[in-house]
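The sequence lines fix the lettering, A, B, ..., with proteins before strands; numbering per chain opens at 1. Keep in mind the model is a prediction, meaning the values are calculated, not measured.
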Protein chains: 2
Amino acid sequence: MINGEEFEKLPTKEKIIRIAADIIVKEGLKKFTAKNIASRLGMTDAAIFKHFATMDDIILSIINNYVYRCSQSAEVGISKGKDIEDKLRQVLLSHIKVLEDTKGAVPILCFDFSRSNNQKFTNILHSFVKEYKNTLSQLFKEGQEKGIIKKDLDPEELAMFFLGSIQAKVFAKIIEQGEGPIIKNPDQFINELFYGIMEKKEDQTSKDENS
Amino acid sequence: MINGEEFEKLPTKEKIIRIAADIIVKEGLKKFTAKNIASRLGMTDAAIFKHFATMDDIILSIINNYVYRCSQSAEVGISKGKDIEDKLRQVLLSHIKVLEDTKGAVPILCFDFSRSNNQKFTNILHSFVKEYKNTLSQLFKEGQEKGIIKKDLDPEELAMFFLGSIQAKVFAKIIEQGEGPIIKNPDQFINELFYGIMEKKEDQTSKDENS
DNA sequence: CATATTGGTTAATATTCGCTAACTTTTGTA
DNA sequence: TACAAAAGTTAGCGAATATTAACCAATATG
């Protein structure tokens with residue numbers, strides 16, 4: 001279902017979170033019910049409420065869980081990177097890693113809950129997107145100051161373009177109901193993203209962007 | 001609500017379709033109920049079933065209605081365009097027009113119903129995406145043959161990239177809950193899409209014999 | 001004018017959902 | 001070992017949902 005051996009070892013509460021996310025990702029919010037979650041666990045729906053007070057609490061856990069991992073991955077990426085371009089690359093690679101790990105849950109949840117009228121969810125998600133956008137656009141700004149990123153681009157729009165491109169990949173996978181990873185070749189994907197925004201380096205052109 | 005004067009003149013059946021689409025786009029599938037639709041029309045929920053046998057039939061109407069417009073827009077674009085690049089540009093411009101007209105309904109419906117387990121919906125949507133993808137990738141192929149599009153790019157992936165980029169814009173608008181158009185500057189948007197894929201034109205009189 | 005159709009109502013049905021209560025089993029630990 | 005807490009069960013409540021039936025008013029059409 002989600003992993004197999006590893007999954008079985010998890011405490012029920014964690015299993016519920018993962019199954020719930022899986023249901024929302026693969027079947028949509030309408031199928032996110034106590035009964036559906038419980039049946040995948042071989043339990044009755046009532047047992048769910050021994051672990052979560054309400055169904056909304058499950059959603060909150062999913063959001064916090066995944067949003068947290070995604071935010072963390074950005075910090076890790078920045079600390080790992082040697083220069084601006086490398087930092088950006090690391091942030092994106094980490095992001096893609098979480099993305100694959102969670103099967104695209106974050107963008108899908110953002111999309112679904114942005115349309116729910118539940119203020120609690122949308123607030124968390126909006127501040128996540130905002131924060132993440134700031135992180136990226138800060139890197140873009142620094143890159144522009146150092147002359148490696150084109151100066152005529154708006155950092156904020158660039159950040160949304162990056163987030164949007166990732167969402168686009170998730171979208172494509174869901175539409176095509178593909179089985180493999182969301183982004184097949186992360187390095188190539190990042191190169192394509194960078195292609196339009198990086199200032200051309202005249203010297204030492206070692207272009208590895210062939211497909 | 002949707003337009004005002006014009007809207008009032010529509011037959012109830014058409015009103016139901018538009019309101020239903022609006023609800024799904026703005027509030028998600030979970031809020032798509034007979035009662036919600038009816039209340040916006042000042043009717044009771046039972047009246048809905050005088051116009052549609054089942055709720056699924058409403059969804060089918062929405063999908064067919066919007067998908068048809070989207071497909072048509074592609075044909076119009078191709079017939080309008082003078083050369084490959086122009087055809088592509090026209091197709092995208094037409095697509096964006098429908099997109100704005102329907103407030104992003106098509107990509108959202110594709111996304112939502114791809115995750116519904118209703119085979120009827122997904123079949124229609126998948127064949128739409130497939131067809132639309134073919135239309136675009138055919139244009140890309142021709143463009144590659146004529147040497148105006150980079151030859152190392154896979155036409156099918158390119159097509160999905162285009163569709164994905166549009167979806168990303170819809171995504172961005174929903175996340176940011178913006179009020180204006182989904183794509184503020186269509187020409188600029190298309191230029192950005194083209195930037196990475198078009199063969200650089202050094203000058204008009206290149207050694208290319210296809211000119 | 002007569003009347004059949006259209007489009008609306010209220011009331012009811014079966015089903016599903018979130019959630020609780022009461023009870024039982026499992027399990028960690030004093 | 002004793003026993004309280006944790007984690008399950010069944011049964012059921014109240015609300016919401018899709019859909020239908022029975023009824024009624026307007027309206028198009030013969």
Side-chain angles (χ1 to χ4, degrees), chain A residues 1-2 7-63 109 112-113 115-121, chain B residues 1-2 7-64 109 112-113 115-122:
Chain A
M1 186 180 300
I2 286 177
F7 180 75
E8 286 310 316
K9 289 178 198 155
L10 294 171
T12 307
K13 187 165 184 177
E14 186 62 29
K15 283 187 196 169
I16 291 173
I17 291 176
R18 303 225 182 167
I19 288 174
D22 195 58
I23 287 175
I24 292 171
V25 167
K26 293 212 187 100
E27 303 175 52
L29 267 185
K30 218 176 174 182
K31 291 289 174 62
F32 165 73
T33 65
K35 208 173 186 180
N36 280 338
I37 296 170
S39 80
R40 285 215 210 174
L41 282 166
M43 297 189 321
T44 53
D45 54 347
I48 300 292
F49 298 95
K50 297 289 173 179
H51 301 272
F52 294 90
T54 67
M55 293 300 286
D56 276 8
D57 283 352
I58 300 179
I59 291 180
L60 273 181
S61 281
I62 296 173
I63 293 178
L109 290 172
D112 278 345
F113 292 131
R115 291 183 293 159
S116 86
N117 49 3
N118 188 313
Q119 283 296 329
K120 225 189 296 173
F121 304 154
Chain B
M1 184 181 300
I2 286 175
F7 181 75
E8 286 310 317
K9 289 179 198 156
L10 295 171
T12 307
K13 187 166 184 175
E14 186 62 29
K15 283 186 195 170
I16 291 174
I17 292 176
R18 303 225 182 167
I19 288 174
D22 195 60
I23 287 175
I24 292 172
V25 167
K26 293 211 185 101
E27 303 173 53
L29 268 184
K30 218 175 172 183
K31 291 289 175 60
F32 166 74
T33 66
K35 208 173 185 178
N36 280 338
I37 297 170
S39 81
R40 285 215 209 172
L41 282 166
M43 297 190 321
T44 52
D45 52 349
I48 299 293
F49 299 94
K50 297 288 174 180
H51 301 271
F52 294 91
T54 67
M55 293 300 285
D56 276 8
D57 284 353
I58 300 179
I59 291 180
L60 273 180
S61 281
I62 296 173
I63 292 178
N64 285 328
L109 292 173
D112 279 346
F113 292 129
R115 292 182 293 157
S116 88
N117 51 0
N118 189 313
Q119 283 296 330
K120 227 188 296 174
F121 304 157
T122 52

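- When each of A:T44 and B:A53 is assigned the nucleotide of DNA chain D bearing its nearest heavy atom, the one mapping closer to the 5' terminus is A:T44.
- Distance CD1 (A:I23) to P (C:dC17): 11 Å, rounded to an integer number of Å.
- Between D:dG8 and A:H51, a contact under 4.0 Å exists linking OP1 or OP2 to a side-chain N or O.
- In this structure, B:D45 atom CG and D:dA15 atom P are separated by 17 Å, rounded to whole Å.
- A:I24 and B:R115 make their closest contact through O-NH1, 2.9 Å (heavy atoms, listed as atom of the first residue, atom of the second, distance).
- Taking 4.0 angstrom as the limit, B:T12 places none of its side-chain polar atoms (N or O) nearer than this to OP1 or OP2 of C:dT6.
- Between B:T54 and B:K50, the one whose closest nucleotide on DNA chain D sits nearer the 5' end is B:T54.
- Nucleotide D:dA16 holds its C1' atom 13 Å from the CE atom of B:M55, rounded to whole Å.
- In this structure, the side chain of B:T122 engages the main chain of B:N118 through a donor-acceptor pair within 3.5 Å.
- The CG-C1' distance, from A:D57 to C:dC19, rounds to 13 Å in whole Å.
- You'll find that the side chain of A:T33 is closest to C:dC17, out of D:dT10, D:dA18, C:dC17.
- Within 4.0 Å (heavy atoms only), A:A47 reaches at least one base atom of the nucleic acid.
- The distance between atom CD1 of B:I59 and atom C1' of D:dT17, rounded to the nearest whole Å, is 14 Å.
- Here the closest heavy-atom approach between residue A:L60 and residue A:K120 is recorded as CD1-CD, 3.7 Å.
- Within the nucleic acid shown, A:F52 has no heavy atom closer than 4.0 Å to any nucleic acid atom.
- Counting all heavy atoms, side chain and backbone alike, A:N36 lies closest to A:S39 at O-OG, 3.2 Å.
- If you measure from atom CZ of A:F49 to atom P of D:dT9, you get 13 Å, rounded to the nearest angstrom.
- Between the CD atom of A:E14 and the C1' atom of D:dA7 there is a distance of 17 Å, rounded to whole Å.
- In the set D:dT17, D:dT9, C:dG18, D:dT17 carries the atom at the smallest distance from any side-chain atom of B:K35.
- The distance between atom NZ of A:K13 and atom P of D:dA7, rounded to the nearest whole Å, is 10 Å.
- The shortest side-chain heavy-atom distance between A:K13 and A:I16 does not fall under the 4.5 Å cut-off.
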